[in-house]
Amino acid sequence: MRDVIFIPLSAHEELVIAADGAGGIGEKKQDVVQTSYQILSQYTYRVALMECLAVGAVPFAVLVQNFISDEVWQMVINEIRSMSEQIGLTGLEIGGSTESNMPLVQSALGITVLGKVAKDEKKVGNTPDDAAFAVAGLPLYGEEVLTRPDDVLPLDLFLRLLRHPAIYEVVPVGSNGVKHELEQVWGVTNDLRAEGDRLDVRKSAGPATCVIISFNEAEKEELGSEFAGWLTPLKMG
């Protein structure tokens, strides 16, 4: 099960809906994690965007649910456009709503990405039984996301993983961790752990700071070389 909704549009195409939300993170006095609204916007959009792209969809619209203030609306929109243009995604329709009546004591932001995917190009259920698994990036959440940015999987590298012929599927990891995604997406109930104990497979990955890839095990060495420093293979026991 992927963290997106698929709705048939025709016999050959589906609508893809992906969303993410963040609360208690921002510039207000009572926010649990203090950071700029620019960074909050980037990471909230990042999750929904990655979920949409990971299943093979092409985004065409973004909806913003802004519970911060009217003043930040345009900045959020500008960040979405800037991030999109950096990966060659242009022409997005962007809309949404701001809570203008009730001032909240903590920051909250929700972003939904809409995309379309041809059914024969859907990157879901493509992993064979003999596939190997690895994690790209490290699971981070809260303050760690701000203090360890070099361990967060970059969007451009995420796109390279999506396009690699030896990789079957790419799944962004959320707050429930690597093990949860393995169980939910692939039904893997075996006791998989990271080689070298580099990461905790049960730890939250916050705003999709890492992804799981399923790949052709014969290409393990090549992938390790091409994505040196980023991949942590998973193994039994």
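The hydrophobic cluster containing L157 also contains Y43, counting ILVMFWY residues as joined when their side-chain heavy atoms lie under 4.5 angstrom apart, directly or transitively. Hydrophobic clustering, with ILVMFWY side chains joined whenever heavy atoms are under 4.5 angstrom apart, groups L199 together with V188. Residues L159 and V62 are members of one and the same hydrophobic cluster, defined by side-chain heavy-atom contacts under 4.5 angstrom among Ile, Leu, Val, Met, Phe, Trp and Tyr. Linking ILVMFWY residues whenever their side-chain heavy atoms come closer than 4.5 Å, directly or via other members, places M83 and V72 in the same cluster. Both V171 and V135 are members of a single hydrophobic cluster when ILVMFWY side chains are connected at heavy-atom separations under 4.5 Å.
Between V124 and V4, the closest side-chain pair of non-hydrogen atoms is not below 4.5 Å. No side-chain heavy atom of H180 sits less than 4.5 Å from a side-chain heavy atom of V173. The shortest distance between side-chain heavy atoms of V76 and T44 does not fall below 4.5 Å. Residues V33 and V145 have side chains not in contact (no heavy-atom distance under 4.5 Å, counting atoms from C-beta outward).
Contact detail for A18 and E51: the closest heavy-atom pair is CB-CB, 3.8 Å. Of all the heavy atoms in T127 and E169, the pair that sits closest is OG1-OE2, 2.6 Å. Contact record, K123 with A54: CB-O, 3.6 Å, taken as the closest heavy-atom pair. When all heavy atoms of F67 and K28 are compared, the closest pair comes out as O-NZ, 4.1 Å.
Of the inter-residue distances, the one linking Y45 atom OH with R81 atom CZ reads 9.5 Å to the nearest 0.5 angstrom. Here the CD1 atom belonging to I213 is positioned 10.5 Å from the CG atom belonging to L162, to the nearest 0.5 angstrom. In this structure, the separation between CD1 on I80 and CG on L92 is 8.5 Å, given to the nearest 0.5 Å. Note: E143 CD to I25 CD1 = 9.5 Å, rounded to the nearest 0.5 Å. The distance from the CG atom of L89 to the SG atom of C52 is 9.0 Å, given to the nearest 0.5 Å. The structure places CG of N66 at 9.5 Å from CD of E71, a figure rounded to the nearest 0.5 Å.
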For a quick test of your reading: what N or O donor-acceptor pairs under 3.5 Å do the side chains of residues 202-210 make, sequence neighbours left out?
unit_1 : atom_1 : unit_2 : atom_2 : d
K203   : NZ     : P139   : O      : 3.2
K203   : NZ     : E144   : OE1    : 3.0
K203   : NZ     : E144   : OE2    : 2.9
S204   : OG     : S175   : O      : 3.4
S204   : OG     : G206   : N      : 3.1
T209   : OG1    : L138   : O      : 2.7
T209   : OG1    : L140   : N      : 3.0
T209   : OG1    : A205   : O      : 3.2

For residues 221-232, which side-chain donor-acceptor pairs fall under 3.5 Å, sequence neighbours excluded?
unit_1 : atom_1 : unit_2 : atom_2 : d
E226   : OE1    : H164   : NE2    : 2.9
T232   : OG1    : R198   : NH1    : 2.9

Could you list the donor-acceptor pairs under 3.5 angstrom formed between side-chain atoms of residues 101-120 and any protein atom two or more places apart in sequence or on another chain?
unit_1 : atom_1 : unit_2 : atom_2 : d
Q106   : NE2    : Q30    : O      : 2.8
S107   : OG     : D31    : OD2    : 2.7
S107   : OG     : Y37    : OH     : 2.7

Output side-chain donor-acceptor pairs under 3.5 Å for residues 148-156, partner residues at least two apart or in another chain, one line each.
unit_1 : atom_1 : unit_2 : atom_2 : d
R148   : NE     : D151   : OD2    : 3.1
R148   : NH2    : D151   : OD2    : 3.2

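The side-chain hydrogen bond (donor to acceptor under 3.5 Å, both in side chains) test applied to Y168 returns no partner, not counting sequence neighbours.
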I'd like to know whether S36 forms a side-chain contact (heavy atoms from CB on, under 4.5 Å) with E27, so could you lay out the CA-CA distance, the side-chain angles of the two residues, the decisive distance to 0.1 Å, and finally the verdict.
CA-CA 6 Å; S36 70; E27 300 176 14; 3.8 Å; yes
Applying side-chain contact (heavy atoms from CB on, under 4.5 Å), run through R46 and Q42 and close with a yes or a no.
CA-CA 6 Å; R46 165 195 172 92; Q42 292 170 356; over 6 Å; no
Apply side-chain contact (heavy atoms from CB on, under 4.5 Å) to I212 and V185, showing your working.
CA-CA 10 Å; I212 305 169; V185 177; over 6 Å; no
For F133 and V178, run side-chain contact (heavy atoms from CB on, under 4.5 Å): C-alpha distance rounded to whole Å, both residues' side-chain angles, the deciding distance at 0.1 Å, then the answer.
CA-CA 11 Å; F133 296 92; V178 170; over 6 Å; no
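Atom CD of E217 has 12 or fewer heavy atoms from other residues, nucleotides or ligands within 6.0 Å. In Q74, the CD atom is crowded: over 12 heavy atoms of neighbouring residues, nucleotides or ligands sit closer than 6.0 Å.
A salt bridge (charged side-chain N to carboxylate O under 4.0 Å, His left out) check over residues 13-24, counting only residues at least two apart or in different chains, returns the pairs E14-K122.
A donor-acceptor contact shorter than 3.5 Å is absent between the side chain of T98 and the backbone of S100.
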